[in-house]
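Quick note: numbers below take in every heavy atom, side chains included, and nothing from hydrogens, waters or symmetry partners. Starting from 1, each residue takes its place in the sequence as its number. As the structure lists them, so they are numbered: ligands from 1, and atoms in each ligand from 1.
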Amino acid sequence: MTKTDLNEAFQVVHKRGDKAFVPYIMAGDGGLHSLGEKIAFLEKAGVTAIEIGIPFSDPVADGPTIQQAGSRALKEGTSLRAILDHLSGIRNQVHVPLILMTYLNPVYKYGVETFSKDAKEAGVSGLIIPDLPIEQAGVIKPYLKQENLALIQLVTLTSPAERMQKIVEASEGFVYAVTVNGITGARSNVSDYLESYLNRIKKYSDTPVLAGFGISTPEQVRDIGGKCDGVVVGSKIISLWEEGKYEEIQELVESGKSKTAL
Ligand SMILES: O=P(O)(O)OC[C@@H](O)[C@@H](O)c1c[nH]c2ccccc12
């Protein structure tokens, strides 16, 4: 089986009438050796792509669960270079697209051009850099383009219409629609405003729109996923993994699929 890229992966899901499911995991949490194991498990569970967090000492948007996972990973001494080396080593076993979620600083320290080359070499398909506004994306975009790496943009509830359109149009791979104000993390109530928010984004977008932040139950995956093209789930996946609740992870992943929604 060859490696699928992001666009292809979304097309396959769409053709099946399913919704995309993208879990977020923190690289180096539980030791870097466990990264390949997690990727293999999630791939087998049927995820569309995997978002891999690069631990960073100064995260801006991460909630407590992600922050703690990041601290554990940093304590293990996980570096961006070690993560890319690890991914490169398991590259032939990984068939789902991988997306790196990193802040700008580690990329700068690594060197933008070398980073882009090494990320490609490691089998990475796309990047999320939450502290890189579209106005400044020019500093990195040419290098990413050279390696055919997608730069996925985040839209938030507070983005004014004009800016929202700009962000959505600039986004590659998919559009990440942040569904709550504030930080990441599981929470219980998801309101109706989401529908009109997601519709507004879809209106501007040629690429799939995925909702993320605060999604933690199969019902939310179905409910919110049903209003767009799929979901990203981070904190809940990390907690379930820590608790060893692998069947629940499987259940979450499958809840976006049409056969279980019937
Ligand atoms: O953990 P949650 O609430 O399920 O949300 C996903 C989120 O954690 C993940 O996509 C992510 C982690 N850190 C980020 C920083 C910015 C944007 C997104 C993220």
Side-chain angles (χ1 to χ4, degrees), residues 6 19-29 38 42 47-74 78 80 83 97-107 125-134 137 150-159 167 171 173-191 194 201 208-225 228-243 248-249 252-253 255-256:
L6 269 176
K19 298 296 179 177
F21 188 99
V22 178
Y24 168 95
I25 52 176
M26 177 66 80
D29 181 19
K38 286 181 190 165
L42 292 167
V47 302
T48 314
I50 302 173
E51 185 189 347
I52 299 176
I54 307 300
F56 182 51
S57 52
D58 217 0
V60 285
D62 298 358
T65 309
I66 310 277
Q67 271 190 37
Q68 282 155 19
S71 308
R72 290 193 296 265
L74 288 173
T78 317
L80 179 52
I83 294 166
L98 302 179
I99 300 155
L100 293 187
M101 205 301 293
T102 176
Y103 292 94
L104 196 51
N105 184 288
V107 175
S125 303
L127 293 167
I128 298 176
I129 310 179
D131 60 346
L132 178 66
I134 43 167
L151 186 59
I152 296 146
Q153 304 289 343
L154 296 160
V155 178
T156 63
L157 283 159
T158 51
S159 312
I167 297 172
S171 198
F174 66 91
V175 176
Y176 192 135
V178 175
T179 50
V180 293
N181 277 322
I183 55 174
T184 68
R187 57 194 84 191
S188 52
N189 62 329
V190 177
S191 358
L194 267 186
I201 300 172
V209 176
L210 266 62
F213 275 47
I215 300 173
S216 63
T217 66
E219 294 72 43
Q220 288 174 332
V221 171
R222 278 192 286 272
D223 185 27
I224 301 173
C228 56
D229 300 298
V231 296
V232 180
V233 180
S235 304
K236 188 65 185 186
I237 295 280
I238 291 177
S239 307
L240 289 175
W241 191 278
E242 256 188 284
E243 293 159 15
E248 279 188 48
I249 296 181
L252 259 186
V253 174
S255 55

Specify side chain, backbone, both or neither for Tyr24, according to which of its non-hydrogen atoms lie closer than 4.0 Å to ligand 1.
side chain

Atoms of ligand 1 less than 4.0 Å from Ile66 heavy atoms?
1 (O), 8 (O)

Part of Lys236 with heavy atoms under 4.0 Å of ligand 1, whether side chain, backbone, both or neither
neither

Do Arg72 and Ile238 make a side-chain contact, defined as non-hydrogen atoms from C-beta onward lying under 4.5 Å apart?
yes

Looking at Ala20 and Thr48, what are the two nearest heavy atoms and their distance?
CA-OG1, 3.2 Å

Can you name the atoms of ligand 1, numbered from 1 with element, that are less than 4.0 Å from a heavy atom of Asp62?
12 (C), 13 (N), 14 (C), 15 (C)

Show the atoms of ligand 1 that are less than 4.0 angstrom away from any heavy atom in Ala61.
15 (C), 16 (C)

Could you tell me whether some N/O pair between Gly234 and ligand 1 is separated by less than 3.5 angstrom?
yes

Would you say Gly214 contacts ligand 1, with heavy atoms under 4.0 Å as the rule?
yes

Is it true that Glu51 lies under 4.0 Å from ligand 1, counting heavy atoms only?
yes

What distance do Tyr176 atom OH and Ile201 atom CD1 have between them, rounded to the nearest 0.5 Å?
12.0 Å

Does Ile167 offer a backbone N or O that forms a donor-acceptor pair with the side chain of Ser171 under 3.5 Å?
no

Are any of the side-chain heavy atoms of Ile25 and Leu42 separated by less than 4.5 Å?
yes

How does Pro130 reach ligand 1, by side chain, by backbone, by both or by neither, if only non-hydrogen atoms under 4.0 Å count?
side chain

Separation of Met26 CE from Leu74 CG (nearest 0.5 Å)
7.5 Å

Just to verify, which of Thr217, Val221, Val231 counts as forming a side-chain contact (heavy atoms from CB on, under 4.5 Å) with Ser255?
Val221

Using a strict cut-off of 4.0 Å, indicate which atoms of ligand 1 neighbour a heavy atom of Val233.
4 (O)

Heavy-atom contacts with Met101 under 4.0 Å: which atoms of ligand 1 show up? List them by number with element.
13 (N), 14 (C), 15 (C)

Shortest non-hydrogen separation from Ile99 to Ala49 and the atoms involved:
CD1-CB, 4.1 Å

If you count the atoms of ligand 1 from 1 in the order shown, which ones are under 4.0 Å from a heavy atom of Ser235?
1 (O), 2 (P), 3 (O), 4 (O)

Taking only distance into account, with no hydrogens and no angle test, what donor-acceptor pairs under 3.5 Å do side-chain atoms of residues 100-107 form with protein atoms, sequence neighbours excluded?
unit_1	atom_1	unit_2	atom_2	d
Tyr103	OH	Val60	N	3.1
Tyr103	OH	Ala61	N	3.2
Tyr103	OH	Asp62	OD1	3.0

Which of the atoms of ligand 1 are close to Val232, meaning less than 4.0 Å from one of its heavy atoms?
10 (O)

